[in-house]
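Because the structure is predicted, anything quoted here is derived from the model rather than measured. For ligands, and for the atoms within them, numbers begin at 1 and follow the listed sequence.
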Amino acid sequence: MVASNSHFLVYIEVIILLSYFSLPGLNLLGLASPVVRGNDIDRQALLHFKSKIIGDQLKVMESWNSSIHFCHWHGVTCGRRHQRVTKLELEYLKLTGSLSPYIGNLSFLREFSLAGNNFYNQIPREIDRLRRLEILILTNNSISGEIPSNLSGCFKLTEVEIEGNQLTGEIPTFLGLLSNLKYLSFAYNSLRGSIPPSLGNLSSLETLALTRNSLSGIIPEALKQLTDLSYFSIDDNAISGTVPVAMFNLSNIIIFSIGGNKIQGTLPSDLAITMPYVNFFSVRENQISGKIPVSISNASNLNILQFEGNRLDGDVPSLEKLDKLFAILLDANHLGHGGEGDLHFLCTLVNNTC
Ligand SMILES: *[C@@H]1O[C@H](CO)[C@@H](O)[C@H](O)[C@H]1NC(C)=O
Ligand SMILES: *[C@@H]1O[C@H](CO)[C@@H](O)[C@H](O)[C@H]1NC(C)=O
Ligand SMILES: *[C@@H]1O[C@H](CO)[C@@H](O)[C@H](O)[C@H]1NC(C)=O
Ligand SMILES: *[C@@H]1O[C@H](CO)[C@@H](O)[C@H](O)[C@H]1NC(C)=O
Ligand SMILES: *[C@@H]1O[C@H](CO)[C@@H](O)[C@H](O)[C@H]1NC(C)=O
Ligand SMILES: *[C@@H]1O[C@H](CO)[C@@H](O)[C@H](O)[C@H]1NC(C)=O
Ligand SMILES: *[C@@H]1O[C@H](CO)[C@@H](O)[C@H](O)[C@H]1NC(C)=O
């Protein structure tokens with residue numbers, strides 16, 4: 001009785017699968033086998049992923065049909081030996097839909113990129129089952145909800161790019177455990193709370209992009225440990241406190257952008273800005289007082305220097321070594337003394353020709 005019941009259930013399931021996916025080529029022999037083969041799991045996961053896509057004006061998902069093996073479907077790459085999905089890349093294809101929890105079954109997935117579509121709703125928490133995932137790119141979609149706490153299961157992640165979505169909630173502390181991370185971007189979302197000090201433990205981190213959220217709190221001292229950091233942007237949040245001076249010692253920095261916050265304090269006059277490669281340096285629109293540190297004149301790769309909208313005073317240092325500089329913004333401060341020498345720094349910009 002039990003046996004015939006379960007046969008009955010299998011039969012129903014097959015009917016449902018056939019009508020749901022209208023797959024005439026469904027492998028009935030495969031289903032009859034007691035062990036579900038890995039690549040069947042992958043194919044089912046992909047079909048569930050497809051079933052949640054409700055808008056496909058470029059008709060790219062039509063190639064996901066039973067007349068070709070799923071390893072040849074648009075955007076799908078499989079490993080050669082096992083025919084398991086290792087990459088799923090569907091970028092800038094005008095796809096609309098939500099993310100099926102079945103993606104958690106693609107257990108060989110290394111790269112998952114859906115940048116520039118219109119995927120909405122939350123990131124399914126089943127994502128933690130992707131133990132081999134290295135690259136997760138969901139940039140420029142309409143993903144909402146919080147950063148799934150389950151992401152900590154994906155300990156191989158090197159790149160997490162979820163900028164340009166509608167993420168809410170806080171940046172979870174556990175991200176500091178993803179020790180392989182090189183690239184972390186949640187810019188242009190609606191995250192609040194503070195930057196967790198645990199991020200200072202990401203010793204391979206090269207990019208930390210948190211521009212335009214609603215973050216508050218301070219810049220954690222622990223970030224000075226990120227010696228590989230080359231891109232640091234936290235601009236247009238509500239971050240306060242002072243900049244840990246050791247941050248100015250991050251010698252691999254190329255972009256340093258902390259404008260549009262509530263950062264206070266002075267930049268110590270003997271501050272050694274040891275950023276030989278920096279080409280964009282912005283502290284615009286904060287509440288920084290005191291003088292512009294003379295050591296900025298040593299950052300010879302600078303292209304853009306933004307100090308405007310602070311409470312800086314005193315002289316602008318000589319800028320003669322900055323021969324790559326093409327924009328310097330200083331307005332809305334208290335610079336100079338109302339005297340003749342105030343604009344001397346301009347002469348240093350044009351080979352001391354004054
Ligand atoms: C299945 O995909 C192939 C390859 O993209 C395509 O040529 C064919 O028209 C598709 N079949 C259907 C029924 O959409
Ligand atoms: C795949 O994922 C779904 C949803 O997370 C789950 O219900 C199902 O049991 C998983 N396993 C297989 C083998 O499809
Ligand atoms: C995301 O969208 C913004 C605004 O449209 C655009 O500037 C940016 O280049 C896009 N990023 C990616 C990776 O597509
Ligand atoms: C993912 O979430 C589930 C349910 O909340 C939990 O049981 C599981 O331990 C979590 N996994 C990780 C890696 O945090
Ligand atoms: C950083 O990692 C160390 C050990 O690896 C741990 O003891 C410490 O709590 C971590 N710091 C933060 C801020 O998470
Ligand atoms: C910056 O680096 C120099 C040289 O490594 C070191 O002497 C100095 O103490 C550092 N400054 C800070 C604030 O960490
Ligand atoms: C500029 O760099 C040189 C060479 O490293 C150093 O001797 C000098 O003190 C620096 N100047 C400032 C103002 O930091």
Side-chain angles (χ1 to χ4, degrees), residues 9-10 13-14 16-17 20-27 30-31 33-53 56 58-76 84-85 88-95 98-109 111-119 121-131 133 135-143 148 150 153 159-167 183-189 207 209-213 231 233 235-236 255 257:
L9 282 175
V10 168
E13 210 179 317
V14 169
I16 290 171
L17 282 172
Y20 191 38
F21 301 117
S22 55
L23 266 188
L26 192 72
N27 183 356
L31 277 181
S33 119
V35 182
V36 184
R37 289 176 47 212
N39 45 19
D40 283 329
I41 296 176
D42 281 15
R43 194 183 47 161
Q44 289 307 324
L46 291 173
L47 288 171
H48 277 274
F49 174 81
K50 179 183 176 181
S51 75
K52 296 277 187 194
I53 294 175
D56 176 16
L58 302 176
K59 301 194 188 305
V60 278
M61 300 309 284
E62 278 184 9
S63 79
W64 287 36
N65 65 49
S66 56
S67 64
I68 12 175
H69 192 275
F70 67 83
C71 289
H72 301 295
W73 290 350
H74 188 101
V76 177
R84 304 293 303 268
V85 178
L88 183 52
E89 296 167 296
L90 295 164
E91 301 187 322
Y92 310 101
L93 293 170
K94 299 189 196 299
L95 298 172
S98 58
L99 294 174
S100 168
Y102 272 77
I103 55 170
N105 290 354
L106 295 172
S107 46
F108 282 72
L109 199 62
E111 294 186 31
F112 185 32
S113 175
L114 302 177
N117 289 289
N118 187 29
F119 284 94
N121 285 354
Q122 310 202 355
I123 300 169
R125 62 185 175 84
E126 287 76 6
I127 197 150
D128 79 308
R129 297 166 58 192
L130 302 177
R131 298 297 158 123
L133 193 65
I135 297 179
L136 174 64
I137 304 178
L138 301 172
T139 293
N140 288 354
N141 279 281
S142 306
I143 308 276
N150 258 337
E159 188 173 335
V160 173
E161 237 182 284
I162 317 188
E163 61 184 72
N165 282 282
Q166 289 143 30
L167 291 174
Y183 193 111
L184 187 61
S185 173
F186 296 117
Y188 302 94
N189 278 284
T207 293
L210 301 172
T211 295
R212 204 161 299 174
N213 279 279
Y231 188 112
S233 73
D235 40 315
D236 299 320
I255 307 284
S257 188

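Checking atom 2 (O) of ligand 3 against the protein gives a heavy-atom contact under 4.0 Å. In this structure, atom 11 (N) of ligand 3 has a protein heavy-atom contact shorter than 4.0 Å.
Protein heavy atom closest to atom 8 (C) of ligand 3, with residue, atom name and distance, is Asn140 ND2, 3.8 Å. The protein non-hydrogen atom at the shortest distance from atom 5 (O) of ligand 1 is Ser63 CB, 3.3 Å. Of the protein's heavy atoms, Tyr92 OH, 2.6 Å lies nearest to atom 14 (O) of ligand 3. Here the heavy atom of the protein found nearest to atom 4 (C) of ligand 1 is Ile68 CD1, 3.5 Å.
Residue-ligand proximity, Pro101 to ligand 2, at heavy-atom distances under 4.0 Å covers atoms 5 (O). The atoms of ligand 1 that sit less than 4.0 Å from any heavy atom of Glu62 are 1 (C), 2 (O), 10 (C), 14 (O). In the vicinity of Ser67, heavy-atom distances shorter than 4.0 Å reach the ligand 1 atoms 1 (C). The Asn105 neighbourhood of ligand 2 comprises atoms 1 (C), 2 (O), 3 (C), 8 (C), 10 (C), 11 (N), 12 (C), 14 (O), with distances under 4.0 Å to a heavy atom of that residue. Of all atoms in ligand 2, listed by their number and element, those nearer than 4.0 Å to a heavy atom of Glu126 are 5 (O).
Proximity of a side-chain donor or acceptor of Asp56 to a complementary backbone N or O of Met61 within less than 3.5 Å is detected. Panel note: side chain Asn189, backbone Asn213; no donor-acceptor pair is recorded below 3.5 Å. Between the side chain of Asp236 and the backbone N or O of Thr211, no donor-acceptor pair lies under 3.5 Å.
The aromatic rings of Phe49 and Phe112 lie perpendicular to each other, with more than 60° between the two planes, well past the 30° mark.
Remark: the Asn118 side chain and the Ser142 side chain contain an N/O donor-acceptor pair separated by less than 3.5 Å.
Looking only at side-chain heavy atoms (C-beta outward), Leu114 and Leu95 stay at 4.5 Å or farther from each other. Here the side chains of Asn39 and Phe70 are in contact, with some heavy-atom distance below 4.5 Å.
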Ile143 vs Leu99, test: side-chain contact (heavy atoms from CB on, under 4.5 Å). Steps then yes/no. CA-CA 9 Å; Ile143 308 276; Leu99 294 174; 3.8 Å; yes
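The distance criterion of under 3.5 Å between nitrogen or oxygen atoms is met by Asn65 with respect to ligand 1.
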